[in-house]
Amino acid sequence: MKTVEWAGDRVRLIDQTRLPWEFVVLDCTDHRQVASAIREMRVRGAPAIGVAAALAVALAARRSAAANRAALLADLADAAEELRLTRPTAVNLFWAIERMKRVIQSAGQDDDNIDPLKAALLAEAEAIATEDEDCCQRIGAHGASVVPQGARILTHCNAGALATVDYGTALGVIRAAHAQGKVAHVYVDETRPLLQGARLTAWELDQAGIPFTLITDNMAGHFLHRGAIDLAVVGSDRIAANGDVANKIGTYSVAVLCKENGVPFYAAAPTSTVDLSLASGEDIPIEERSPAEVTHLAGKRIAPEGIRAANPAFDVTPHRYVTAIITENGVVHPPFGEGLQRVVGAGGRR
Ligand code: MRU
């Protein structure tokens, strides 16, 4: 199944908090359940969050008891607001909700017949999901062109099928390059605190039959210094107009280590992750999550009780560390300003 999908009358998603121990499918019959699933990271990864939110708006419309247009719009505004408050960093969430809002704004004004609007919202949410799959395939194809023969690739967090509807962004690049026989090996950062690398990327690569080695985050420098890695490719949650890249905490360290060791560092993302309204990464909101995710590992406390712990979920990699940004509309090299505008514009106004 897809990471997140519409299943007749509900939103169905893979519960990623249970992987790799068990494969659990979560059926959400209410948009609030989807909001909780996003907040609790049962569904996570920037594109998947956006798709889940869009489907949740369509679900809210379907479930609404409103008898007229005004009442339905009020229900949808509440649902959109609840979804907007789930996670602040991945711009795909806000991008997808905006697309749903545009459908509402462009719908007819017929007060009595609200069924066409409900149908249009579901069609738009499903289009967002389909486009995401297409974007990942195209990111993979573009990205494979920068991967040299026999490449040993480092990745961080999970930017795979589980972070999208299918296939993945950074892992899409790795999948496509592997299909072309170019990938010798992948190094997977475990990605503390929630272990998306160890739990999810390792699970996906194992299933795909791509050779890999799991390492702890603090080993990346060692392998880069030893010359064991030819390039790094990661996903992104938000890319500012100047090419600064917000991604899972620890990405910045990987990028700096790559530069120090003369290794190219790529960010792969759909253009829905590019936020041209922000001049630089300084303005990207960084999600702070519970300290319990740091003091505990798989539910078990690993630090003394009552201590202070910080938990910023993302960091920002300044664009000077980024070799290129791989999008569905092409690979953007520095200087990023113009190139990002070009690839975003190439998608038309979606
Ligand atoms: O906190 P998460 O697991 O949602 O963070 C995910 C990442 O940082 C991914 O790299 C990013 O969303 C890109 S996913 C294609």
Side-chain angles (χ1 to χ4, degrees), residues 2-4 13-17 19 37-53 86-96 129 131-133 135-140 143 154-175 188-204 217 232-239 245-255 265-275 281 284-290 293-294 311-317 322 325-328:
K2 309 291 182 195
T3 297
V4 53
L13 50 93
I14 298 171
D15 184 345
Q16 300 186 38
T17 61
L19 285 170
I38 296 173
R39 216 177 296 114
E40 293 160 8
M41 293 175 64
R42 297 183 189 284
V43 58
R44 34 69 49 202
I49 291 171
V51 171
T86 50
R87 297 193 74 188
T89 303
V91 75
N92 307 62
L93 172 71
F94 308 100
W95 170 87
E131 285 167 25
D132 184 65
E133 287 190 67
C135 280
C136 288
Q137 294 287 338
R138 287 160 59 191
I139 288 168
L154 174 66
T155 192
H156 188 74
C157 194
N158 172 268
L162 289 166
T164 59
V165 172
D166 205 357
Y167 203 67
T169 56
L171 277 200
V173 172
I174 292 171
R175 284 178 198 275
V188 178
D189 276 352
E190 67 170 350
T191 318
R192 270 288 280 153
L194 293 180
L195 304 175
Q196 290 93 327
R199 294 188 302 107
L200 308 176
T201 300
W203 186 77
E204 280 194 43
D217 299 337
V233 59
V234 301
S236 174
D237 286 80
R238 198 184 292 226
I239 299 172
V245 171
N247 191 48
K248 180 52 54 192
I249 192 77
T251 301
Y252 170 55
S253 317
V254 170
F265 173 89
Y266 296 97
T271 51
S272 52
T273 302
V274 180
D275 185 352
I284 297 176
I286 300 295
E287 178 182 9
E288 272 290 333
R289 293 187 62 85
S290 166
E293 292 177 353
V294 176
N311 191 9
F314 301 94
D315 59 27
V316 174
T317 297
V322 180
I325 295 169
I326 304 161
T327 77
E328 76 277 20

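When a ligand or atom number is given, it counts from 1 through the structure's own listing order. Being a predicted model, the structure only gives us computed values, none of them experimental.
With respect to atom 15 (C) of ligand 1, the closest heavy atom belonging to the protein is Thr169 OG1, 3.1 Å. The protein heavy-atom contact nearest to atom 7 (C) of ligand 1 is Asp237 OD1, 3.3 Å. Nearest protein neighbour of atom 5 (O) of ligand 1, counting heavy atoms only, is Lys248 CE, 3.3 Å. From the protein, the heavy atom lying nearest to atom 6 (C) of ligand 1 is Arg44 NH2, 3.4 Å. When hydrogens are left out, the protein atom nearest atom 14 (S) of ligand 1 is Ala163 CB, 3.4 Å; that is the closest non-hydrogen contact.
Taking distance alone, with nitrogen or oxygen atoms compared against 3.5 Å, Ala46 approaches ligand 1 more closely than that limit. Remark: ligand 1 and Gly45 share an N or O pair separated by less than 3.5 Å (distance only, no angle test). The shortest N or O to N or O distance between Gln196 and ligand 1 is under 3.5 Å.
Here Glu133 pairs with Lys2 in a salt bridge; the nearest charged N to carboxylate O distance falls below 4.0 Å. Taking the charged nitrogens against the carboxylate oxygens, Glu287 and Arg289 do have a contact shorter than 4.0 Å, which makes a salt bridge. Comment: Asp275 engages Arg238 in a salt bridge, judged by a side-chain N to carboxylate O separation of less than 4.0 angstrom. A salt bridge links Arg175 to Glu204: one of the charged nitrogens lies within less than 4.0 Å of a carboxylate oxygen.
Using a 4.0 Å heavy-atom cutoff, Cys157 is listed among the residues neighbouring ligand 1. His156 does not count as a contact of ligand 1, since none of its heavy atoms falls under 4.0 Å from the ligand.
Proximity to Ala159 (heavy-atom distance under 4.0 Å) selects the following atoms of ligand 1: 14 (S), 15 (C). Near Met41, the atoms of ligand 1 lying under 4.0 angstrom from a non-hydrogen atom of the residue are 1 (O), 2 (P), 3 (O). Counting the atoms of ligand 1 from 1 in the order shown, those under 4.0 Å from a heavy atom of Arg87 are 1 (O), 2 (P), 4 (O). Numbered from 1 in the order shown, with element, the atoms of ligand 1 that lie under 4.0 Å from a heavy atom of Asn247 read 7 (C), 8 (O), 9 (C), 10 (O), 11 (C).
With hydrogens and angles disregarded, no donor-acceptor distance shorter than 3.5 Å links the side chain of Thr169 to the backbone of Ala269. At distances below 3.5 Å, at least one donor-acceptor pair connects side-chain atoms of Thr89 with backbone N or O atoms of Pro285. Checked by atom type and distance alone, the side chain of Thr3 pairs as donor or acceptor with a backbone atom of Ala161 at under 3.5 Å.
At a threshold of 4.5 Å between non-hydrogen side-chain atoms, the residues Leu162 and Arg44 count as touching. Residues Val245 and Thr251 form no side-chain contact, since every pair of their non-hydrogen atoms from C-beta on lies 4.5 Å or further apart.
At a heavy-atom cutoff of 4.0 Å, ligand 1 is contacted by the backbone of Ser236 but not by its side chain.
For the side-chain contact (heavy atoms from CB on, under 4.5 Å) with Gln196, the lone residue among Thr201, Asn158, Asp189, Val188 that qualifies is Asn158.
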